[in-house]
Amino acid sequence: MTTAAALRDALGDIVDVSEAALEAARADSSGHRSPGRPIAVVHAETVSHVQQTMQIATSTRTPVVVRGAGTGLAGGANGGPGEIVLSTARMDRIQEISADDLIAVVEPGILNAALNARLAEDGLWWPPDPASRNISTVGGNIATGAGGLLCAKYGVVRDAVLGLDLVLADGRLLHLGHRTVKGVTGLDLTSLVIGSEGILGVVVGATLKLRRVVTGERSVLTALFPSVRAAAAASAAVTASGAQPAIMELMDAASLAAVHDLLGLPQPVPGAAQLTIQTDGPAAAAEAGLIAATLQTAGGDVTVTDDADEGAHLLAIRRAMHSAMAALGTTLIEDVSVPRSALPAMFDEIARIEAAYGITIPTVAHAGDGNLHPNFVFDGPAVPESIWAAADDLFRSAMRLGGTLTGEHGIGMLKSRWLAEELGDDQWQLQHQIKQVFDPLGILNPGKVFSRA
Ligand SMILES: Cc1cc2nc3c(=O)[nH]c(=O)nc-3n(C[C@H](O)[C@H](O)[C@H](O)COP(=O)(O)OP(=O)(O)OC[C@H]3O[C@@H](n4cnc5c(N)ncnc54)[C@H](O)[C@@H]3O)c2cc1C
């Protein structure tokens, strides 16, 4: 019996071998596709479905690619020939919300925005806010260690998960972590699994750490600067001033021009870069005033609004970046992080790389936490070697500045060849050995993260 037949025998209709399902499972939102179709997509609806799939995969030594909504940008959820794609998207129930303990227990397939819409009814909130929050799953957010616009103030996924239920490669179910605020019993395997990109096990449940919805007004500031370096230096000055904006986003001239074009807005002054900053909480207006003064001293042309609609409109300009890039061609959305004080130097490096390779690299940054998204735009489906050469230069520049290869999108298949360079051989080996303890047969997401090819 083939593995697909064994899956259908055990699990019935949730095993999908239709051409459309197999084709869709070949790619995530990175645009990168696997070389061919996987053998089946299993739409798990229960923990038992996941366990049975993994037991069959172990007994037949068949690789398994776990998948949430497929919005990842590192190729981590792409299923290829000979592989089972195990989707947790249908496991989307909320099992518990406790306002007293500020926790929610959820299945992995619930969409981030759907969860937050339900939590808002109780005045609660799960802070991680990837720009993909309307379309990405909480399980995918956990497996990638996702961040977002608000994370400089409210933290990333790693700060907002207390415990995880994990199905191992052989089908055993583990309950990691705790539901208490404190807890240091044993090794912190919850933290190990966050950001592990489907290579250690299948997340089938999560105990999330909630906050109460922030009350008070919100102020939104925009500041235009004559150059991206000046904008980056101003954002570093805001951080150094001790102010704590909830959002601090930087758009360089090329991204600002592309978004204005897409939205039909008047074009900004050529070369101008913009910071968009939001303050919140009871002291929002006072904090906005202090930040405005810092921005003006740094040479910015500043506007401030307390009007909710106008604030949302200003932030919508930043949120339209992905669509603006998609309108220009195929995009490799990169994701490097540097210490916040190194942001101006990283923009100098990007300018150097643009000149060296004769390309424009529209770049936005979560400036509040030093996380940059340089966009490489090209024609055709595959990333040309010249673009990889420029990206290689970019990654090395970030590492030289004390930064890291990925701030929030993960390694997946697209960055695995650079991983050893950042980790060093000893740490690469140690991490790989940890992967082997969880998955001795190497059937979970092979070729991702720890591939040196
Ligand atoms: C328009 C757009 C904007 C984005 N903005 C952001 C942003 O602001 N911040 C950010 O961090 N990311 C962003 N992303 C990237 C992406 O949305 C996130 O990485 C998201 O967390 C992926 O969730 P997903 O459900 O789509 O996971 P998938 O893409 O399906 O999977 C991602 C990885 O997680 C693994 N995985 C998924 N589910 C499980 C599970 N249950 N158990 C174990 N492993 C699992 C997969 O194997 C894969 O390695 C953006 C993407 C798009 C398209």
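Indexing begins at 1, ligand by ligand and atom by atom, following the structure's order. For clarity, every value in this text was computed on a predicted model and none was experimentally measured.
When only non-hydrogen protein atoms are considered, atom 9 (N) of ligand 1 lies nearest to Gly147 O, 2.9 Å. The nearest protein atom to atom 31 (O) of ligand 1, hydrogens excluded, is given as Ala77 CB, 3.7 Å; this is a heavy-atom distance. Scanning all protein heavy atoms for the shortest distance to atom 48 (C) of ligand 1 gives Gly76 C, 3.6 Å.
Here the side chains of Met413 and His32 are in contact, with some heavy-atom distance below 4.5 Å. In this structure, the side chains of Ile56 and Thr62 stay at 4.5 Å or more apart for every pair of heavy atoms. Contact annotation: the side chain of Val338 never approaches that of Phe347 to less than 4.5 Å [non-hydrogen atoms, C-beta and beyond]. Within the 4.5 Å cutoff, the side chain of Phe395 has heavy atoms near those of the Glu334 side chain. Side-chain contact between Gln278 and Leu149 is absent, with no heavy-atom pair separated by less than 4.5 Å.
Residue His366 has no nitrogen or oxygen atom sitting less than 3.5 Å from a nitrogen or oxygen atom of ligand 1, judged on distance alone. By the 3.5 Å distance cut-off applied to N or O atoms, Thr144 is counted among the residues near ligand 1. Residue Val202 places no N or O, backbone or side chain, under 3.5 Å from any N or O of ligand 1. Between Thr88 and ligand 1, at least one N/O pair is under 3.5 Å apart. The distance criterion of under 3.5 Å between nitrogen or oxygen atoms is not met by Val65 with respect to ligand 1. Note: no N/O pair closer than 3.5 Å links Ala143 and ligand 1 by distance alone. Any N or O atom pair closer than 3.5 Å counts here, and Thr137 shares at least one such pair with ligand 1. Taking any N or O of Gly148, backbone or side chain, none lies under 3.5 Å from an N or O belonging to ligand 1. Any N or O atom pair closer than 3.5 Å counts here, and Ser29 shares no such pair with ligand 1. Between Ala146 and ligand 1, not a single N/O pair is under 3.5 Å apart.
If you number the atoms of ligand 1 from 1 as listed, the ones under 4.0 Å from a heavy atom of Leu73 come out as 14 (N), 15 (C), 50 (C), 51 (C). Interface of Gly201 with ligand 1, defined as ligand atoms under 4.0 Å from a residue heavy atom, comprises 43 (C). For ligand 1, the atoms lying closer than 4.0 Å to a non-hydrogen atom of Glu197 are 47 (O), 49 (O). For ligand 1, the atoms sitting less than 4.0 Å from at least one non-hydrogen atom of Ala131 are 3 (C), 5 (N), 6 (C), 7 (C), 8 (O), numbered in the order shown with element in parentheses.
Counting heavy atoms closer than 4.0 Å to ligand 1, residue His409 contributes side-chain atoms (C-beta onward) but none from N, CA, C or O. When heavy-atom distances to ligand 1 are checked against a 4.0 Å cut-off, Ile142 has no atom that comes that close, whether in backbone or side chain. Residue Glu408 touches ligand 1 through backbone and side chain together, judged by heavy-atom distances below 4.0 Å.
Between Phe376 and Trp388, the ring center distance fails the sub-6.0 Å criterion.
From Ser196, atom OG reaches atom CG of Leu164 across 8.5 Å, with rounding to the nearest 0.5 Å. Here Ile84 contributes atom CD1 and Arg67 contributes atom CZ; the two are 15.0 Å apart, rounded to the nearest 0.5 Å. Interatomic distance, Arg93 CZ to Met91 CE, rounded to the nearest 0.5 Å: 7.0 Å. How far CG of Leu210 is from CG of Leu124: 5.5 Å, rounded to the nearest 0.5 Å.
A heavy-atom separation below 4.0 Å is found between Gly70 and ligand 1. Ligand 1 lies out of reach of Asp28, whose nearest heavy atom is not under 4.0 Å from it.
Other residues, nucleotides and ligands contribute at most 12 non-hydrogen atoms within 6.0 Å of the CD atom of Glu19.
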Practice task
Check step by step if ring-ring contact (aromatic ring centres under 6.0 Å, His included) holds for His373 and His366.
Solution key: CA-CA 8 Å; His373 295 311; His366 306 301; 5.0 Å; yes
